[in-house]
Amino acid sequence: MIEIDGIGKKYRIGALREPYLSLRDSVARKTAHFWNVIRKKEKVRHSQDDFWALRDVSFSVNQGDAIGIIGRNGAGKSTLLKILSQITPPTEGRITCRGRIASLLEVGTGFHPELTGRENIYLNGAILGMTRGEIRRKFDDIVAFAEMEKFLDTPVKRYSSGMYVRLAFAVAAHLEPEILVVDEVLAVGDAQFQKKCLNKMGDAAKGGRTVLFVSHNMPAIRSFCSRCVLLDSGTLVMDSSSVEVISSYLTDSNSTRRHSSWEENNQPGDDTLSLISASVSGAGSSLSEEINMEEDVNLQFDLFIRRPGSRAGLTILLYSQDGTLVLSSLDHIPEQLLHTSSDGLRIRTSTTLPGGLLNEGGYVVSLYIWRNHYQVISRVDSALSFRLQDYGAARGDYYGGWSGVIRPSLQWKSTELPRGCDNQDQLRMEKG
């Protein structure tokens, strides 16, 4: 369905805009430049101010494939989807698409705040390429999917951010293209609605449609996509099964970080609360050593309260090296700290994962920073990562590997049964 051959996208950093040109001047300039390049009178210049968001990316997608595209922020994922969606042209390379493409790059693009939810369904559907008859036929399904019947005739400017997203995704989810391109739309909405959206995309893939899915949600990628593509600094570094690619991405030696910090002008958060630094350490290990799985694991976060009075906190999400969500934990910052009379208060919050709970292997810590009614103001993916090492204290003489994410040291008790005693007799003896 899609053939991507040597795609590259170059941007000029800090380039000054040219003064306004008429259409005739623009066409004349482009034509002259084209013929000069053909005649080799003018070479295509790659100055030191050029930035390649993508470079020499090639892979193909078959009909019915659900492919995940992962990588760190700035790896080129969104740029690739914008090229596929014909929002921006590539600088080099070629893309061949066989089928109609629908893009969910920015949910809600085209919504008008003064129009009602009902009117915006028709407006947004038309922008996404649906006919009026198609929208009318699917209208009831869209409303039911969004669960917005009560507020359908209310202007969307009065919607909460969650209601806005629900309606926008409901419209986009009922497109029927041959190729569906999705960029991180599951980062918004509550857990139940995210699951509903994921199931909807799964139905599209099962129906023979092709899906390209960008997300930082590794469990969603692993469960939804059988194949995964890993981008790093604009280049394709891995194309294989989702399990292999996610494991490689999460356990990459370059991504192992026991300490992270952010400059003042680049701290995750907003004008009420921001994250200064994060660190993870073992009770008896230095930062250069792997942590003994029998040790407590200490997580520590330094925060900056920029404006007092706002209810706020952190949520940590711990992932194993294959992308499985192991646990999540929510921290409420004490109100006496948040209601201080002075701005610019620096605080430290910490927690401990008990030793002997987790299995050996690699782990990644991601963060949500939230305020007020658990409104997420910033997500920090892969803020920390660490490895737990099994030094054999609980192994006995067994040297094989243990499966599973957790490996608690359970207490076992063995007793001798009297001769001629069956299981029921033993149970009666223990209860008596």
Side-chain angles (χ1 to χ4, degrees), residues 68 70 72-73 186-187 190-191 194-195 215-223 242-243 245-262 268-269 275-285 287 289-303 312-333 348-370 374 376-390 394 401-410:
I70 64 174
R72 296 189 174 279
N73 292 332
L186 297 184
D190 55 52
Q194 289 181 18
K195 183 177 180 180
S215 179
H216 289 287
N217 187 332
M218 295 301 114
I221 288 282
R222 190 182 60 174
S223 63
S242 294
V243 173
V245 175
I246 291 172
S247 179
S248 174
Y249 171 58
L250 293 178
T251 59
D252 189 338
S253 59
N254 293 327
S255 68
T256 301
R257 290 193 306 280
R258 300 274 292 277
H259 178 80
S260 296
S261 60
W262 293 266
L275 179 63
I276 301 172
S277 65
S279 63
V280 56
S281 61
S285 306
L287 287 177
E289 297 175 327
E290 292 184 329
I291 301 173
N292 187 339
M293 58 171 288
E294 299 297 323
E295 296 175 357
D296 289 346
V297 178
N298 302 315
L299 296 168
Q300 181 175 286
F301 307 96
D302 287 357
L303 299 157
L314 283 177
T315 298
I316 63 166
L317 300 99
L318 181 69
Y319 295 94
S320 65
Q321 62 185 10
D322 65 353
T324 300
L325 179 60
V326 180
L327 61 85
S328 60
S329 180
L330 184 145
D331 170 44
H332 292 87
I333 297 174
R348 174 168 292 172
T349 184
S350 60
T351 190
T352 299
L353 301 172
L357 172 67
L358 299 172
N359 204 350
E360 62 179 330
Y363 294 88
V364 176
V365 178
S366 294
L367 302 171
Y368 285 126
I369 304 173
W370 54 266
Y374 304 102
V376 176
I377 58 176
S378 186
R379 171 168 178 155
V380 187
D381 292 296
S382 303
L384 297 168
S385 59
F386 61 95
R387 292 193 65 83
L388 296 182
Q389 180 65 43
D390 180 9
W402 262 275
S403 59
V405 175
I406 65 170
R407 201 179 115 192
S409 299
L410 303 178

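Closest of all the heavy-atom pairs between S281 and R258 is CA-NH2, 3.9 Å. Annotation for I221 and S242: closest pair O-OG, 4.2 Å, computed over non-hydrogen atoms. Residues G362 and R387 come closest through the heavy atom pair N-NH1, 3.6 Å. Here the closest heavy-atom approach between residue P268 and residue V380 is recorded as CB-CG2, 3.6 Å. Listed here is the closest heavy atom pair of E360 and M293: N-SD, 4.2 Å.
In this structure a side-chain-to-backbone donor-acceptor pair under 3.5 Å is present from S260 to A383. Not a single donor-acceptor pair under 3.5 Å links the side chain of R348 to the backbone N or O of D302.
To the nearest 0.5 angstrom, E294 atom CD is 10.5 Å from L357 atom CG. Between the OG atom in S261 and the CD1 atom in I276 there is a gap of 10.0 Å [rounded to 0.5 Å]. Atom-to-atom distance recorded for Q300:CD and T351:OG1 is 11.5 Å, nearest 0.5 angstrom. D381 contributes atom CG, which lies 9.0 Å from atom CG of L317 (distance to the nearest 0.5 angstrom). To the nearest 0.5 Å, the span separating CG on L358 from CD1 on I406 amounts to 8.0 Å. Taking OG1 of T315 as the reference point, atom CG of D331 lies at 8.5 Å (rounded to 0.5 Å).
No side-chain donor-acceptor contact under 3.5 Å links D296 and T352.
A search for ring pair (Phe, Tyr, Trp, His ring centres under 6.0 Å) contacts involving W262 returns nothing, not counting sequence neighbours.
The side-chain heavy atoms of Y363 and S320, taken from C-beta on, include a pair separated by under 4.5 Å. With contacts defined as side-chain heavy-atom distances shorter than 4.5 Å, the pair I333/T349 does not qualify. Side chains of R379 and W370 form no contact here, defined as non-hydrogen atoms less than 4.5 Å apart. A heavy-atom distance below 4.5 Å is found between the side chains of L314 and I369.
Across N298, L353, L299, a single residue satisfies side chain to side chain contact (heavy atoms under 4.5 Å, CB included) together with V280, and that is L299. No option in V326, L327, N359 other than V326 meets the side chain to side chain contact (heavy atoms under 4.5 Å, CB included) test with V405.
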